[in-house]
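In this text, all values refer to a predicted model and were calculated from it rather than measured experimentally. This chain uses plain numbering: 1 for the first residue, then up along the sequence.
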Amino acid sequence: MAMDSIHVATAIHMGCAEFITTDGKIYKNRDKFAHSKMTIIQASETKLLPDNYKHYEFADGAFGKQP
């Protein structure tokens with residue numbers, strides 16, 4: 001999770017509101033980043049992306065699975 005943590009830390013540093021991930025480790029450990037103003041989410045949970053960007057490949061966290 002070291003490289004993944006760098007991505008999360010960079011997003012926090014840049015002031016991102018959301019960090020969209022399909023990585024189960026990051027998502028399960030999102031509470032560890034609660035001190036930041038950023039929310040770690042799956043694509044289906046975003047409040048910032050338009051619906052046409054919430055593709056099934058990203059929405060359920062498993063690439064290639066069709067709805």
Side-chain angles (χ1 to χ4, degrees):
M1 191 165 141
M3 287 302 292
D4 296 331
S5 295
I6 291 172
H7 292 138
V8 173
T10 301
I12 292 169
H13 177 75
M14 296 304 295
C16 296
E18 294 181 340
F19 185 88
I20 300 172
T21 185
T22 58
D23 185 316
K25 289 181 193 176
I26 292 176
Y27 190 74
K28 288 177 186 173
N29 289 293
R30 65 191 179 276
D31 292 339
K32 293 181 181 179
F33 302 97
H35 64 280
S36 74
K37 295 179 182 177
M38 183 180 73
T39 306
I40 297 177
I41 60 168
Q42 293 180 337
S44 60
E45 300 171 307
T46 185
K47 293 175 177 44
L48 301 176
L49 287 176
D51 287 341
N52 59 321
Y53 286 96
K54 298 180 191 176
H55 300 292
Y56 69 86
E57 294 96 359
F58 304 110
D60 67 2
F63 291 100
K65 289 186 178 178
Q66 300 221 0

Practice problem: Output the distance between atom CD1 (I40) and atom NZ (K32), rounded to the nearest 0.5 Å. | Solution: 11.0 Å
Exercise. Using the side chain to side chain contact (heavy atoms under 4.5 Å, CB included) rule, take F19 and R30 through it: C-alpha gap first, then chi angles, then the decisive distance, then the call.
Key: CA-CA 10 Å; F19 185 88; R30 65 191 179 276; over 6 Å; no
Quiz item: Just wondering, are more than 12 heavy atoms of other shown residues or ligands nearer than 6.0 Å to NE2 in H13?
Solution: no
Self-check item: Side chain proximity check, T21 to I41, heavy atoms < 4.5 angstrom
Solution: no
Quiz item: Hey, are the side chains of M38 and F33 touching, using non-hydrogen atoms and a 4.5 Å cut-off?
Solution: no
Quiz item: Just wondering, do T22 and Y27 contact through their side chains at under 4.5 Å, heavy atoms?
Solution: no
Practice problem: Mind checking the NZ-CG spacing from K28 to D23? Nearest 0.5 Å is all I need. | Solution: 9.5 Å
Quiz item: Can you list the residues that meet the side chain to side chain contact (heavy atoms under 4.5 Å, CB included) rule with L48, with sequence neighbours excluded?
Solution: A17, E18, T46
